Novice: 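A single structure is presented below for examination.
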Amino acid sequence: MNITLNNGVVMPPIGLGVFQTPPDETTDAVAFALQTGYRHIDTAAAYANEREVGEGIRRSGVDRSKVFIETKVWISDYGYDETLHAFDKSAGKLGVDQIDLLILHQALPGEFEKTIGAYRALERLLADGKVRAIGVSNFMRSHLDALADSTAIVPSINQIELHPYFQQPDVQAADAERGIVTQAWSPIGGITSYRGTGKSSFEEPVILDIAKQFDKSAAQVMLRWQLQHGRSAIPKSTKPERIAENFDVFDFELDADQMGAIDALDTGVRGGPEPEAVTLEAFGREIPEA
């Protein structure tokens, strides 16, 4: 079920996410995931664990050429020259010469000229062969429109919050219209648990009923739902048993009724920050050198 991006690069559909994974746990989680069968790791400069991701890849024994590395530029490093340097910082921490997928972490709509400069730097890095694909994260339709007006290359990926309770159909449609792959962060609704919204997707009766039919977990059903919709998914865990479980989703298939039942769970309630609320004043932080 590999995904072919709009520039022809092939990407494994499931990646291990390391958001909020402490550096001292990241190396072991990444190494175990790769030994389990994962070939895609998703990190970010703002996660402060790129160095440990690189160490986990080396420690796994899996050849670097077989691992798809994705990372993100934080808003504090937006701007053309700043983002070129952000690549150097991330590549240095990861211990690689080339990054498979480099994306902008937020739209930064209040200072979008910085976002445009940052994306043009991604285009330069792509042309120079320093990255294999480029993309964005948390971009709404209006942000994609504005980006297209000032840049030449269509993003390969738009990574957004997407789980059964928050499906962002308009953003998904905007991505599809442009040939952009929608990639789900919090794909099994983890944010519905740790943000205390009062309703956890892991306890949703519709999902639990489907899981029982397949002798699978709720998480596995949600990941299968993501894959069958053609999306990429980035589940996060540090527990070996959960990491393995999240990858064991290729031996069953949901039918149309089951897919529709999960589709119908959308509440339209976002768990993460509103994209318009992301500003340098509120969210800016210095990204250390490599």
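All of these numbers come straight from a predicted model, not from anything done at the bench.
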Novice: Using a strict 4.0 Å threshold on nitrogen-to-oxygen distance, state whether Arg270 and Glu274 make a salt bridge.
Specialist: yes
Novice: With Lys239, which residues qualify under side chain to side chain contact (heavy atoms under 4.5 Å, CB included), at least two apart?
Specialist: Ser237, Glu241, Arg242
Novice: In the single-linkage hydrophobic clustering (I, L, V, M, F, W, Y; side-chain heavy atoms under 4.5 Å), do Leu223 and Met1 co-cluster?
Specialist: yes
Novice: Atom CD1 in Ile99, atom NZ in Lys72: separation rounded to 0.5 Å?
Specialist: 11.5 Å
Novice: In the single-linkage hydrophobic clustering (I, L, V, M, F, W, Y; side-chain heavy atoms under 4.5 Å), do Val10 and Ile69 co-cluster?
Specialist: no
Novice: What heavy-atom pair brings Phe283 and Ile75 nearest, and what distance separates the two atoms?
Specialist: CB-CD1, 3.9 Å
Novice: Hey, what else clusters with Ile234 if you join Ile, Leu, Val, Met, Phe, Trp, Tyr whenever side-chain heavy atoms sit under 4.5 Å?
Specialist: none
Novice: In terms of ring plane angle, is the pair His163 and Phe166 parallel, tilted or perpendicular, where the classes change at 30° and 60°?
Specialist: tilted
Novice: Tracing side-chain links under 4.5 Å among I, L, V, M, F, W and Y, which residues wind up in one group with Val181?
Specialist: Ile3, Leu5, Val9, Met11, Phe68, Leu101, Ile103, Ile157
Novice: Any salt bridge (Lys or Arg N to Asp or Glu O under 4.0 Å) pairs touching residues 9-38, not counting sequence neighbours?
Specialist: Asp28-Arg59
Novice: Run Gln228 and Arg224 through side-chain hydrogen bond (donor to acceptor under 3.5 Å, both in side chains) and show every step you take.
Specialist: CA-CA 6 Å; Gln228 286 184 217; Arg224 185 70 199 188; 2.8 Å; yes
Novice: Quick one, Val62 with Ile57, criterion side-chain contact (heavy atoms from CB on, under 4.5 Å). Give me CA distance, side-chain angles, the key distance, then yes/no.
Specialist: CA-CA 7 Å; Val62 176; Ile57 293 170; over 6 Å; no
Novice: I need the full list of side chain to side chain donor-acceptor pair (under 3.5 Å) pairs touching residues 102-120, with sequence neighbours left out, sorted by first then second residue.
Specialist: none
Novice: Using side-chain contact (heavy atoms from CB on, under 4.5 Å), reason through Leu265 and Glu204 one step at a time and then give a plain yes or no.
Specialist: CA-CA 9 Å; Leu265 296 174; Glu204 168 56 49; 3.7 Å; yes
Novice: Which heavy atom in His40 sits nearest to a heavy atom in Pro12, and how many Å separate them?
Specialist: ND1-O, 3.0 Å
Novice: What are the two closest heavy atoms between Pro13 and Asn2, and how far apart are they?
Specialist: CD-OD1, 3.5 Å
Novice: Quick one: does any side-chain atom of Glu123 pair with a main-chain N or O of Ala152 as donor and acceptor, under 3.5 Å?
Specialist: yes
Novice: Please collect all side chain to side chain donor-acceptor pair (under 3.5 Å) contacts where either partner lies in residues 250-262, sequence neighbours excluded, each pair once.
Specialist: Gln213-Gln258, Lys216-Asp251
Novice: Counting C-beta onward and ignoring hydrogens, is there a side-chain heavy-atom pair between Leu16 and Leu34 closer than 4.5 Å?
Specialist: no
Novice: Scan residues 83-92 for pairs that pass side chain to side chain donor-acceptor pair (under 3.5 Å), counting only residues two or more places apart or in two chains.
Specialist: Glu50-Ser90, Asp77-Lys89, His85-Glu289
Novice: Test of understanding: clusters of I, L, V, M, F, W, Y form through side-chain heavy atoms closer than 4.5 Å, transitively. Do Phe214 and Leu208 belong to the same one?
Specialist: no
Novice: Kindly check if the number of other-residue, nucleotide or ligand heavy atoms within 6.0 Å of CG (Asp215) is above 12?
Specialist: no
Novice: For Thr279, check side chain to side chain contact (heavy atoms under 4.5 Å, CB included) against everything at least two apart and list the hits.
Specialist: Glu281, Ala282
Novice: Is a donor on one side and an acceptor on the other found under 3.5 Å between the side chain of Gln226 and the backbone of Pro187?
Specialist: yes
Novice: Is there side-chain contact between Val278 and Asn138, with at least one heavy-atom pair below 4.5 Å?
Specialist: no
Novice: Does Lys130 offer a backbone N or O that forms a donor-acceptor pair with the side chain of Asp128 under 3.5 Å?
Specialist: no
Novice: For residues 172-180, run the donor-acceptor check on the side chains, cut-off 3.5 Å, and write out each pair with its distance to 0.1 Å, sequence neighbours left out.
Specialist:
from, atom 1, to, atom 2, distance (Å)
Gln172, OE1, Arg231, NH1, 2.8
Gln172, NE2, Gln167, O, 2.7
Asp175, OD1, Asn158, ND2, 3.2
Asp175, OD2, Thr182, OG1, 2.7
Glu177, OE1, Arg141, NH1, 2.9
Glu177, OE2, Arg141, NH2, 3.3
Arg178, NH1, Ala174, O, 2.9
Arg178, NH2, Asp145, OD1, 2.1

Novice: So, for Gly135 and Pro155, which heavy atoms are closest and what is the spacing to 0.1 Å?
Specialist: CA-CB, 3.9 Å
Novice: Test side-chain hydrogen bond (donor to acceptor under 3.5 Å, both in side chains) on Asp42 and Trp185; report intermediate values, then the result.
Specialist: CA-CA 10 Å; Asp42 172 75; Trp185 65 258; over 6 Å; no
Novice: If you round to the nearest 0.5 Å, how far is CZ of Arg58 from CG of Leu94?
Specialist: 8.5 Å
Novice: Contact between His143 and Pro109 at the side-chain level, heavy atoms closer than 4.5 Å - yes or no?
Specialist: yes
Novice: How close do Ser217 and Glu245 get, heavy atom to heavy atom, and via which atoms?
Specialist: OG-OE2, 2.8 Å
Novice: Regarding Ser76 and Glu286, is there a side-chain donor-to-acceptor distance under 3.5 Å anywhere?
Specialist: no
Novice: Mind jotting down which residue pairs meet the salt bridge (Lys or Arg N to Asp or Glu O under 4.0 Å) criterion with at least one end in residues 96-107? Sequence neighbours excluded, please.
Specialist: Arg64-Asp100, Asp100-Arg132
Novice: Same cluster or not: are Val206 and Phe252 linked, directly or through other Ile, Leu, Val, Met, Phe, Trp or Tyr residues, by side-chain heavy atoms under 4.5 angstrom apart?
Specialist: yes
Novice: Check the pair Val269, Tyr165 against side-chain contact (heavy atoms from CB on, under 4.5 Å), reporting the backbone distance first and the verdict last.
Specialist: CA-CA 7 Å; Val269 177; Tyr165 287 163; over 6 Å; no
Novice: So how far is it from Leu122 CG to Thr151 OG1, rounded to the nearest 0.5 Å?
Specialist: 10.0 Å
Novice: Using a distance-only test with no angle check, is there a side-chain donor-acceptor pair under 3.5 angstrom linking Glu52 and Thr26?
Specialist: no
Novice: Kindly determine whether Val73 and Phe87 satisfy side-chain contact (heavy atoms from CB on, under 4.5 Å), including the steps that lead there.
Specialist: CA-CA 8 Å; Val73 179; Phe87 166 85; over 6 Å; no
Novice: Answer yes or no: is there a donor N or O on one side and an acceptor on the other, between the side chain of Asn49 and the main chain of Thr43, under 3.5 Å?
Specialist: no
Novice: Between CG of Leu104 and OH of Tyr78, what distance do you get to the nearest 0.5 Å?
Specialist: 4.0 Å
Novice: Flag the pair Leu144 / Val136 as yes when at least one side-chain heavy-atom distance between them is below 4.5 Å, and no otherwise.
Specialist: yes
Novice: What I'd like to find out is whether the side chain of Trp225 reaches to under 4.5 Å of the side chain of Pro164, using heavy atoms alone.
Specialist: yes
Novice: Using a 3.5 Å distance criterion without hydrogens, assess whether the side chain of Ser137 forms a donor-acceptor pair with backbone atoms of Gln159.
Specialist: yes
Novice: Between Ile134 and Val131, what is the shortest heavy-atom contact and its length?
Specialist: CG2-CG2, 3.7 Å
Novice: Are Val30 and Ser60 side-chain neighbours, meaning at least one heavy-atom pair lies under 4.5 Å?
Specialist: no
Novice: Between CZ of Phe32 and OG1 of Thr238, what distance do you get to the nearest 0.5 Å?
Specialist: 11.5 Å
Novice: Output all residues satisfying side chain to side chain contact (heavy atoms under 4.5 Å, CB included) with Ala48, sequence neighbours left out; order by chain, then residue number.
Specialist: none
Novice: Residues two or more places apart in sequence or in another chain: which of them pass side chain to side chain contact (heavy atoms under 4.5 Å, CB included) with Phe247?
Specialist: Ile14, Tyr38, Phe250
